[in-house]
Amino acid sequence: MANAAEHSTADGHAGVIGGSSRLGAARLLLWALAGALAVRQAVAVLRLPPAEWLDGFHLPAGGAVGSVYDVGQFAGTPFAGLVLRPFAGLAAPSLEVAWTCVTLLLVAAVGLVAARGLPDPVPRRTALLAAPVLTALMMVSLPVREAASPGRTAVLPVLLVLLAVFRVPGDRPAGFLVGLAAALQPALLLFAPLLWLTGRRPAARSAAVAFAGATALSWAALPRDSWTYWMHHLAGTGLGGAPDGLANQSVHGALLRLGLTGPAELLLYAALAGGIVWCGLRRAVRYARDGQLLLAVAVTGCVAVAVSPTGWRHQLLWVLLAVAGKVGRRAADRRVWPVAVVLAATLPSAVLLPNLAALAPVRDNVLLLTAVVAACAVPFLPRSSPYWRDPVPTAHGLPAPARWSRVPLLPFWRRVLSRPNLLLELLLIRVGYSLYSHIRAAAPTSRSLAEGNGRQILGIERALGLDIEHAVNHAVVDTPWLEAFFDFYYTSFHFVVPLAILAVLYWRRPGDYRWARASLGLATVIALAGFWLYPLAPPRLMPGLGFVDTVHGPQDLANPSYGAMTAISNQYAAMPSLHFGWSLWCGIVIVVLAPKGWQKLLGALHPLITVCAIVATANHWVLDAVGGAVVVVAGFGLVHVLSGPRGLHVDLPAPRADHPAGEAAPEPATPAGRPVAGSRP
């Protein structure tokens, strides 16, 4: 018995040591990733020409006489100009390197301090990995990419506030740091009311005194600049860029972009700013008293930038810190808020939303809207909630014996059966398609290579007896009603049918929705490899073969750019044909899942009509359709390998005593103990 106990203890110690070593290796890899991203950002900044790099600094060197706002590019406070003025006398290369390195080191410091501010209790894995993960995210975020430019001190105020709240022990030193941060970015003086309302009144008074002292010092040293900043430009409005420019992600800037001007705009701005301050500070105080200090700081920072007359993108690092809040009672919903914040803070707005006039007010203000929503609307959970540590678990399908257990990492891929969060799905679908479009457009576009591959495809088809494109194309051209039908089918059904199928499955059959969506996504990713490795000219762009482009009209084949069409998509991304591939995916999904025979027949007809359309309009070769079929089959096959057959039994989590009645488990896709619709027993 003693030997058994000793062996058990030894095994436990070995497991702990093994877990610690794996955690340490993961942490090291994440810090290496953050370092690589920092080096990438530094290279991107330092590659700018010296003249262009110094455009953003624009400070009189040393003790030279002159206004820091003479050129109009410097947007900081007079106190910031007073602090930065000595650095302008440095040689250009030294200044570039020093500024970039210090900025990136400040970002890493923000990540370290913010990770220490996570609310207790924090799992050990989260505590150790939070700092490198947050630092890596900040390195690729839009605020940090812009903050690395010269003359911008947006990262330093964030660090000063975080140090004041989490690291400095005394109230007066902490308030002094907050006052310095406000002297660099005046709207951050809102942290003084937060300190006051949370019981740290000496710190609030110290912050106000430090801000007043720094501002008075700048008035004494730079009276002309202080008058320009505070009176002529109303706390910097219009300095460093037009107030209605997209870089001004504040309520004032958004109203100006909507076309509002004059007293009406100022009154509306004042009313909105007052409402945001009142709501945001109330929530921040509540989170601070709840022990979620990092979330309280992030909310207050979002409020400060939103209500400032000029809230530049590089000042919105607070948005990324708002991932500290937990949203959602279900485990499946916990990822929605962090993913939305990361996407809004790291991706250009054109990637998040399509270029439609109706969406312009949202697309132009993505960061601002994210900050306002974080400050006033997102229902962050209190720590007293029973779902804070234990959200409602997700229902998964039971492991399938048909899975390939020898393939690495597959045990970590489990089939989720519950309906996914709609907002997260829409975000991921939009971002995924945008990235697909960018990669597809960036694929090689060598005309000679594409035409050479086109002749190669035509030779293979002639050898196989499949070269029917020319005959079909001209037969359709000679039949006007048939030409109109195929042109309409080619341009209209490519997106409508897959999106309609996904929408129906999402609403009616969530388990099958995930299966279908994953197979379509994997097929599309595989197709991108074909676009890169085998650029191919479609029949309509092959010179001397006599094909007629029925959809786009006659093409000038002597012009390699093919006019405005090149700006829409890569004309040589033809192999494999996703026009046919997506239609085949639609047909397979409908035939497998549709309950009625006539529905299955329509599903089977869709890829048949599509292959006729792509050949008749001279947009694809027959072998392109074969390639599309291959990638779709590969997509379905990968999903089968990764998560087993489509039909899986439901694995419902056990009810929990601390959950309210009716919320012990998520809504199952089917009754417990029964297979998912369409599955095998």
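Values below: every heavy atom of this structure, side chains too, minus hydrogens, waters and symmetry copies. Numbering starts at 1 and runs along the sequence shown.
- A donor and an acceptor atom, one from each side chain of Trp582 and Thr524, are located under 3.5 Å apart.
- Looking at heavy atoms from C-beta onward, Val373 lies out of side-chain contact with Thr370 at the 4.5 angstrom threshold.
- Applying the side-chain contact (heavy atoms from CB on, under 4.5 Å) test between Leu272 and each of Val277, Val251, Val307 identifies Val251 as the sole match.
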Next item on the list: I would like to know whether Phe493 and Val496 meet side-chain contact (heavy atoms from CB on, under 4.5 Å); could you show each step before the answer?
Entry: CA-CA 5 Å; Phe493 286 77; Val496 172; 5.6 Å; no

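- Between Leu368 atom CG and Leu246 atom CG the span is 11.5 Å, to the nearest 0.5 Å.
- Not a single donor-acceptor pair under 3.5 Å links the side chain of Ser308 to the backbone N or O of Val305.
- The backbone N or O of Ala350 lies less than 3.5 Å from no partner atom in the side chain of Arg363, so there is not a single donor-acceptor pair.
- Across all their heavy atoms, Val366 and Ser349 have their closest contact at CG2-CB, 3.8 Å.
- Closest non-hydrogen pair, Pro157 versus Leu188, comes out as CB-CD1, 3.5 Å.
- Nearest heavy-atom pair, Val178 versus Ala164, reported as atom, atom and distance to 0.1 Å: CG2-CB, 3.6 Å.
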Check: Do Leu427 and Val336 pass the side-chain contact (heavy atoms from CB on, under 4.5 Å) test, and can you show the C-alpha distance, the side-chain angles, and the key distance before you say yes or no?
Finding: CA-CA 9 Å; Leu427 278 173; Val336 179; 5.8 Å; no

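- Listed here is the closest heavy atom pair of Ala174 and Arg200: CB-NH2, 3.5 Å.
- Side chain of Arg283 to backbone of Trp278: no donor-acceptor contact under 3.5 angstrom is found.
- Other residues, nucleotides and ligands place no more than 12 heavy atoms under 6.0 Å from the CZ atom of Arg389.
- Considering all non-hydrogen atoms of both residues, Ala331 and Arg335 come closest at O-NH1, 4.3 Å.
- Rounding to the nearest 0.5 Å gives a distance of 7.0 Å between CG of Leu353 and CZ of Arg430.
- Atom CD1 of Ile276 is separated from atom CG of Leu281 by 11.5 Å, given to the nearest 0.5 angstrom.
- Within the 4.5 Å cutoff, side-chain heavy atoms of Leu352 are placed close to those of Leu343.
- A distance of 12.0 Å separates CZ of Arg116 from CZ of Phe166, quoted to the nearest 0.5 Å.
- No option in Leu137, Leu320, Val378 other than Leu320 meets the side-chain contact (heavy atoms from CB on, under 4.5 Å) test with Val341.
- Side chains of Val110 and Thr135 form no contact here, defined as non-hydrogen atoms less than 4.5 Å apart.
- Between the side chain of Trp585 and the backbone N or O of Ala516, at least one donor-acceptor pair lies under 3.5 Å.
- The CG atom of Leu505 sits 12.5 Å away from the CZ atom of Arg514 when rounded to the nearest 0.5 Å.
- With Thr300 contributing its side chain and Ala296 its backbone, the two residues share a donor-acceptor pair below 3.5 Å.
- Side chain of Asp290 to main chain of Arg286: no donor-acceptor pair is present (N/O by atom type, distance under 3.5 Å, no hydrogens or angles).
- Side-chain atoms of Leu321 and Leu134, non-hydrogen and from C-beta on, do get closer than 4.5 Å to each other.
- Interatomic distance, OG1 of Thr198 versus CZ of Arg289, reported as 7.5 Å (0.5 Å rounding).
- Distance alone, capped at 3.5 Å, places no donor-acceptor pair between the Lys326 side chain and the Leu381 backbone.
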Next item on the list: Show the numbers, then the answer: is there a side-chain contact (heavy atoms from CB on, under 4.5 Å) between Cys302 and Val372?
Entry: CA-CA 7 Å; Cys302 289; Val372 173; over 6 Å; no

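- Between Trp515 and Leu520, the closest side-chain pair of non-hydrogen atoms is not below 4.5 Å.
- Between Ser583 and His606 there is a side-chain heavy-atom pair separated by less than 4.5 Å.
- In this structure a side-chain-to-backbone donor-acceptor pair under 3.5 Å is present from Trp337 to Ala322.
- Using bins of under 30°, 30° to 60° and over 60° for the plane-to-plane angle, the ring pair Tyr287/Phe380 lands in the perpendicular bin.
- Judged by distance alone, the side chain of Arg313 and the main-chain N or O of Glu146 form no donor-acceptor pair under 3.5 Å.
- By the 4.5 Å heavy-atom criterion applied to side chains, Val297 and Phe191 are counted as neighbours.
- A 4.5 Å side-chain heavy-atom check between Val161 and Trp318 finds at least one atom pair inside the cut-off.
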Check: Is there a side-chain contact (heavy atoms from CB on, under 4.5 Å) between Leu194 and Leu190 once you walk through the steps?
Finding: CA-CA 7 Å; Leu194 176 66; Leu190 281 173; over 6 Å; no

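- Ring orientation note: the planes of Tyr506 and Tyr513 are nearly perpendicular, at an angle over 60° on the 30°/60° scale.
- At least one donor-acceptor pair under 3.5 Å links the side chain of Arg145 to the backbone N or O of Thr346.
- The minimum heavy-atom distance between Gln249 and Leu367, with the atom names listed, is OE1-N, 3.6 Å.
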